[in-house]
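Report on the following structure.
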Amino acid sequence: KAGVTQTPRYLIKTRGQQVTLSCSPISGHRSVSWYQQTPGQGLQFLFEYFSETQRNKGNFPGRFSGRQFSNSRSEMNVSTLELGDSALYLCASSLLGRNTGELFFGEGSRLTVL
Amino acid sequence: GNSVTQMEGPVTLSEEAFLTINCTYTATGYPSLFWYVQYPGEGLQLLLKATKADDKGSNKGFEATYRKETTSFHLEKGSVQVSDSAVYFCALPQGGSEKLVFGKGTKLTVNP
């Protein structure tokens with residue numbers, strides 16, 4: 001059974017650009033969450049999608065957005081990149097999204113903003 | 001909201017040493033508690049969980065007991081191996097969706 005797949009794994013952008021990250025959940029999983037991981041702030045919740053609807057959103061500016069498609073694949077977008085957006089972005093999926101806390105994480109997309 | 005405070009480390013041990021990583025939480029009610037592990041270059045994996053007070057979660061020789069009296073969920077292993085070198089995160093749910101609140105993480109290095 002394939003795990004959570006995130007693309008791209010690494011990317012470098014410059015300030016002001018935008019970026020789109022993709023996440024394919026485990027087959028059959030309907031909930032997809034996104035987290036930002038940085039050395040200073042640790043793991044911070046960005047948002048969660050379930051059946052194409054955003055159910056929860058973390059405390060991030062509106063430059064951070066996401067969506068989920070009918071096949072449960074998800075994308076997140078960061079516009080007008082800032083240096084502080086450099087981070088590992090982790091996607092996680094769960095089967096039913098019933099607040100079980102049992103998340104399956106991908107390996108992440110490492111974004112560097114220059 | 002819910003929060004978790006975790007011993008940050010780093011922690012360096014010799015193989016076969018005893019490991020304890022402290023985790024305390026603040027929460028409304030009695031939520032499930034989790035330990036996740038992140039090996040170098042990988043995403044997080046669920047290591048163990050406990051769903052109610054006095055539950056003991058265990059996996060791969062690691063254990064943690066849900067203590068509501070002390071609001072703690074300390075991670076322990078009796079004899080660590082080099083392969084246990086990783087970052088360990090304590091976590092609990094926040095809200096009704098799959099949002100987790102994580103501790104800052106504790107980096108463990110085990111030397112042969």
Side-chain angles (χ1 to χ4, degrees), chain A residues 3-7 9-10 21 23-26 29-51 53-60 66 68 72 74 88-110, chain B residues 1-10 21 23-25 27-52 55 57-59 64 66 73 75 86-107:
Chain A
V4 177
T5 304
Q6 292 188 245
T7 57
R9 290 291 313 280
Y10 302 92
L21 309 177
C23 172
S24 293
I26 291 173
H29 283 197
R30 297 170 62 191
S31 168
V32 173
S33 306
W34 289 88
Y35 289 81
Q36 181 196 64
Q37 186 177 24
T38 60
Q41 298 299 316
L43 282 154
Q44 293 187 287
F45 173 80
L46 281 157
F47 24 66
E48 188 228 354
Y49 289 88
F50 183 83
S51 294
T53 300
Q54 186 182 87
R55 292 203 301 185
N56 206 341
K57 189 178 191 310
N59 190 25
F60 280 81
Q68 186 181 33
S72 293
S74 178
L88 181 66
Y89 290 88
L90 291 165
C91 169
S93 73
S94 69
L95 181 60
L96 296 174
R98 286 184 184 167
N99 198 27
T100 63
E102 296 185 36
L103 305 183
F104 294 81
F105 283 83
E107 293 181 317
S109 293
R110 184 167 294 281
Chain B
N2 295 348
S3 65
V4 59
T5 301
Q6 179 182 345
M7 179 177 101
E8 291 193 28
I21 301 177
C23 171
T24 58
Y25 66 89
T28 303
Y30 302 103
S32 297
L33 300 175
F34 306 89
W35 278 99
Y36 277 81
V37 59
Q38 186 176 31
Y39 297 102
E42 299 185 11
L44 278 72
Q45 302 175 24
L46 178 63
L47 179 60
L48 55 84
K49 70 173 185 177
T51 58
K52 60 183 186 296
D55 255 7
S58 61
N59 186 25
Y66 191 158
F73 192 54
L75 182 68
V87 181
Y88 293 81
F89 296 90
C90 186
L92 74 166
Q94 172 79 56
S97 65
E98 291 287 17
K99 176 182 178 181
L100 288 178
V101 175
F102 287 90
K104 292 288 191 182
T106 301
K107 183 175 182 179

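Chain identifiers are assigned alphabetically (A, B, ...) following the order of the sequence lines, protein sequences preceding nucleic acid strands; residue numbering begins at 1 within each chain.
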(Q) Ignoring hydrogens, what is the shortest heavy-atom contact between B/Gln94 and A/Asn56? Give both atom names and the distance. (A) O-ND2, 4.1 Å

**Q.** Portion of A/Leu46 that has a non-hydrogen atom of chain B nearer than 4.5 angstrom
**A.** neither

Q) Using non-hydrogen atoms only, which part of A/Leu103 is less than 4.5 Å away from chain B: side chain, backbone, both, or neither? A) both

Q | A/Arg110 versus chain B, the contacting section by heavy-atom distance below 4.5 Å | A | neither

Q | Flag if over 12 foreign heavy atoms under 6.0 Å of OH, B/Tyr39 | A | yes

Q: Please state whether the side chain, the backbone, both or neither of A/Gln44 comes within less than 4.5 Å of a heavy atom of chain B.
A: neither

**Q.** Minimum heavy-atom distance B/Leu44-A/Phe105, with the two atoms named
**A.** O-CB, 3.3 Å

Q. So what's closer than 4.5 Å to chain B heavy atoms on A/Phe47: side chain, backbone, both or neither?
A. neither

Q. For B/Phe89 and A/Gln37, which heavy atoms make the closest approach, and how far apart are they?
A. CZ-NE2, 3.5 Å

